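Everything numeric here is computed off the predicted structure, so don't read it as measured data. Values below: all heavy atoms of this structure, side chains included; hydrogens, waters and symmetry mates excluded. In what follows, chains carry the letters A, B, and so on, assigned in the order in which the sequence lines appear, proteins first and then strands, with residues in each chain numbered from 1.
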There are 2 protein chains.
Amino acid sequence: MKYDLNQKITRGAQRTLSAFTQSMFTLLAKESFEKIKVNELCELSNFPRATFYNYFQDKYDLLNYCWHVLADQIDVAELTSLNHEEIPIQFFDRAYDLLSENKVIFDQIMAHNDVDGTLINSFSSYMKTVTRDYLTQYFKQTASNLPIELLVNHFSNTILMLIEWIFLTNHPVTKEQGHQYLRALLGNL
Amino acid sequence: MKYDLNQKITRGAQRTLSAFTQSMFTLLAKESFEKIKVNELCELSNFPRATFYNYFQDKYDLLNYCWHVLADQIDVAELTSLNHEEIPIQFFDRAYDLLSENKVIFDQIMAHNDVDGTLINSFSSYMKTVTRDYLTQYFKQTASNLPIELLVNHFSNTILMLIEWIFLTNHPVTKEQGHQYLRALLGNL
DNA sequence: AATAAAATTGGACACTTGTATATAACATCT
DNA sequence: AGATGTTATATACAAGTGTCCAATTTTATT
C-alpha cells in the first residue's frame with residue numbers, strides 16, 4: 001500500500017479508494033484474478049493508470065486492501081462477553097456472519113477462481129492475520145504447557161478451515177452445526 | 001507444467017528439468033522469489049528463454065515442480081506400520097526428516113523470503129495437498145460424526161502448522177517434543 | 001476567497017512476460 | 001548409418017508492468 005491509511009483520508013482519496021475496491025469486486029465476479037489487468041481496473045473506475053499506482057503497488061496490493069475493507073465489518077463490536085471458553089465460538093460466529101452477508105459475492109468469485117489459486121490464498125492469508133491478532137489478545141493470560149503461538153495458530157487455523165469449508169467449498173451448514181464441529185475439533189483445549 | 005512428466009523422460013529433458021530446478025534453488029538462496037526473473041533462471045542454467053517455456057508455464061510453475069522434486073523424498077517408503085492412532089505422528093516424522101535434511105537450504109530461503117509471501121504460500125499449499133492425499137487414504141474407514149474431509153483438513157493443518165513453526169520460523173524443537181505438542185493439539189480425536 | 005497541501009492526469013520510458021515460428025541439433029531405434 | 005521424433009535455439013512480437021515527471025485540478029484550512 002503506497003497510500004498511508006493512518007493519515008486523515010481526504011474526500012478525493014476516499015472516492016478513489018472506493019472506486020478501485022468496487023471495481024475489483026465487480027471484476028472478480030466476472031473473471032479470474034489472474035486475468036484482471038490494471039488497465040481494466042482503471043477503465044472501470046475511470047481513473048488513469050498513474051492514479052492507481054499512486055495508491056497501490058500492484059493489483060495484489062489492491063486485493064489485500066479489499067479484504068481489509070471487507071473484514072472491517074468484523075471488528076466493529078470488538079468487546080462482547082469474556083467467557084474464556086467461548087472466544088473461538090464467538091469469533092467463528094462473526095466470521096460466519098461476515099461470509100453469510102457476502103455470500104452472493106463470494107459465490108460469484110468462487111465461480112471464476114480456483115480454491116487453491118492466488119485469490120483464495122490471499123483471502124485466507126488476510127483472515128489468518130486478523131484471526132490471530134484477535135485470539136492472541138485473549139490467550140495471553142492462558143496457562144498452558146504449549147507455546148501460546150502454537151495454540152493461537154491452531155485455533156485460528158481450525159476456525160478458518162471450517163469457515164472456508166462451509167462457504168468457499170459450498171458445504172451448507174448452520175451456525176449451530178458449525179459450533180458442534182468446532183467443539184469436536186477443539187474439544188480438548 | 002507444459003512438459004508431461006508421465007511419459008518416459010528423455011536424458012536431455014531430465015538434464016533440462018534438473019538444471020532449472022537447481023537454478024531456482026540457487027537463486028532462492030540469494031534473493032526473494034518475486035525478484036527472480038525468467039531471464040536470470042535461463043542465464044544461470046545456460047538455456048534460452050524458449051527452452052524454459054517449453055517446460056514451464058511461468059516461474060510459479062517451476063517453483064511448484066521444485067517442491068515436487070523435494071517432496072518426492074517423502075513418499076518413497078509409503079507403507080510402514082498401520083497403527084491407526086500413529087498415522088499423524090508418522091507423517092509428522094517424515095516431514096520433520098525432510099525439513100531437517102534440507103534445513104540449510106530452507107534457512108537461506110527464509111533469509112530472503114517473507115513467511116507470508118508467495119514462496120512460502122506455494123510451499124505450504126503443495127505440502128497441504130501431499131499431506132491430505134496421504135491422510136485421506138488412512139482415514140477412509142474411520143468412523144466419526146465429523147465429515148472425513150474436515151477431519152483430514154484438521155489433521156494436515158495441524159501437522160503442517162507445527163512443521164512450519166519449527167523450521168520456517170526457527171523454533172528448534174526435537175522430534176519427541178514435537179510429538180508431545182502434536183498429541184496435545186490433536187489429543188481428543 | 002486566498003493559499004498551501006494533496007491528488008489527478010497524460011505521456012514517455014525501460015523492462016518483463018508469454019507466444020509463435022522456423023531452423024538446427026540431438027537422441028533413439030531398427 | 002539413416003530415419004524419426006523430440007528438444008534446443010534464435011528471433012521477433014504484442015501486451016502488460018511499474019516508474020517517473022511536470023502540469024493541472026481538487027481539497028482543506030484560514
Side-chain angles (χ1 to χ4, degrees), chain A residues 1-24 27-28 30-66 69 112-114 117-119 122, chain B residues 1-24 27-28 30-66 69 114 117-119 122:
Chain A
M1 196 84 182
K2 282 181 184 167
Y3 189 82
D4 177 17
L5 291 177
N6 296 321
Q7 71 181 321
K8 42 184 169 177
I9 300 166
T10 58
R11 217 188 310 159
Q14 190 50 257
R15 215 188 307 133
T16 312
L17 286 168
S18 301
F20 280 118
T21 305
Q22 187 53 54
S23 297
M24 177 60 97
L27 289 178
L28 281 177
K30 288 191 201 157
E31 56 185 329
S32 84
F33 179 69
E34 329 286 341
K35 282 186 187 160
I36 295 176
K37 306 300 166 199
V38 175
N39 279 326
E40 274 187 284
L41 289 161
C42 292
E43 279 176 34
L44 194 56
S45 310
N46 288 307
F47 282 105
R49 289 167 53 74
T51 301
F52 177 90
Y53 285 109
N54 281 343
Y55 287 83
F56 308 103
Q57 309 265 1
D58 46 41
K59 64 175 181 171
Y60 300 88
D61 198 21
L62 166 58
L63 184 60
N64 205 56
Y65 176 72
C66 288
V69 170
H112 300 281
N113 289 274
D114 274 1
T118 312
L119 185 130
S122 157
Chain B
M1 195 84 182
K2 283 182 184 166
Y3 189 82
D4 177 17
L5 291 178
N6 296 320
Q7 70 181 323
K8 42 182 170 178
I9 300 166
T10 59
R11 220 189 305 158
Q14 189 51 257
R15 216 187 307 132
T16 312
L17 286 168
S18 301
F20 280 118
T21 305
Q22 187 54 54
S23 296
M24 178 58 98
L27 288 178
L28 281 176
K30 289 190 200 157
E31 56 185 330
S32 85
F33 178 69
E34 330 284 342
K35 282 185 186 160
I36 296 177
K37 305 299 166 201
V38 175
N39 279 327
E40 273 188 284
L41 289 161
C42 292
E43 279 175 34
L44 193 57
S45 310
N46 287 308
F47 282 104
R49 288 168 51 74
T51 301
F52 177 89
Y53 285 109
N54 281 342
Y55 286 84
F56 309 103
Q57 309 265 1
D58 45 41
K59 63 176 182 171
Y60 300 89
D61 197 21
L62 166 58
L63 183 60
N64 205 56
Y65 176 73
C66 288
V69 169
D114 274 1
T118 313
L119 185 128
S122 157

* **Test item: B/L17 and B/L5 side chains (from C-beta on) under 4.5 Å apart, heavy atoms** => yes
* To do: Send over the distance from B/F52 CZ to D/dT9 C1', rounded to a whole Å.
  => 16 Å
* Using whole Å, report how far CD1 of A/I9 lies from P of D/dA28. => 12 Å
* Would you mind classifying the nucleic acid contact of A/Y3 as base, sugar-phosphate or nothing, using non-hydrogen atoms under 4.0 angstrom? => sugar-phosphate
* Output the single nucleotide from D/dT7, C/dT19, D/dT19 whose closest atom is nearest the side chain of A/Y53. => D/dT19
* Structure fact -> To the nearest angstrom, the OH-P distance between B/Y60 and C/dT17 comes to 9 Å
* Which nucleotide in the list C/dT8, D/dG18, C/dA7 gets nearest to the side chain of A/D58? -> D/dG18
* Start at the 5' end of DNA chain C and walk down; is the nucleotide closest to B/K8 or to B/Q57 reached first? -> B/Q57
* Exercise: identify the closest heavy-atom pair between A/S45 and A/S23 -> OG-OG, 2.6 Å
* To do: Look at the side-chain N and O atoms of B/R11 and state whether any lies under 4.0 Å from the OP1 or OP2 oxygen of C/dT28.
  => yes
* Atom-to-atom span, CG of A/N54 to P of C/dG10 - whole angstrom -> 13 Å
* So which nucleotide from C/dT16, C/dA20, D/dT7 ends up closest to the side chain of B/N39? -> C/dT16
* Asked: Is there a side-chain contact between A/L63 and A/L28, using heavy atoms and a 4.5 Å cut-off?
  -> yes
* First of A/V38 and A/A50 reached from the 5' end of DNA chain D, by closest nucleotide -> A/V38
* Asked: C/dA27, D/dA8, C/dT9: which one has an atom nearest the side-chain heavy atoms of B/R15?
  -> C/dA27
* **Donor-acceptor pair (no angle test) under 3.5 Å: A/R49 side chain, D/dG18 base** => yes
* Structure fact -> The nucleotide from D/dT9, D/dT19, C/dT9 with an atom nearest the side chain of A/K2 is D/dT19
* Asked: When you look at B/K2 and B/F56, which way does the side-chain contact (heavy atoms from CB on, under 4.5 Å) test go after all the steps?
  -> CA-CA 5 Å; B/K2 283 182 184 166; B/F56 309 103; over 6 Å; no
* To do: Go through D/dT9, C/dT16, C/dA6 for me and flag the one nearest to the B/K37 side chain.
  => C/dT16
* Asked: So, is B/K35 close to the D/dG18 phosphate, meaning a side-chain N or O under 4.0 Å from OP1 or OP2?
  -> no
* Structure fact -> Out of C/dA7, C/dT9, D/dA8, minimum distance to the side chain of B/T51 belongs to D/dA8
* Give the nucleotide from the list D/dT27, D/dT19, D/dT7 with an atom nearest to the side chain of B/A13. => D/dT7
* To do: Check the distance between C/dA6's C1' and A/D4's CG and give it to me in whole angstrom.
  => 13 Å
* A/Q7 CD to D/dA28 P, straight-line distance once rounded to whole Å -> 12 Å
* Are the aromatic ring centres of B/F20 and B/Y55 under 6.0 angstrom apart? -> no
* Closer than 4.0 Å, any side-chain N/O of B/T10 to the OP1 or OP2 of C/dC26? -> no
* Kindly compute the distance separating CD1 (A/I9) from OG (A/S18), expressed to the nearest 0.5 Å. => 9.0 Å
* Asked: Toward the 5' end of DNA chain C, which comes first, A/Y55 or B/K59, by nearest nucleotide?
  -> A/Y55
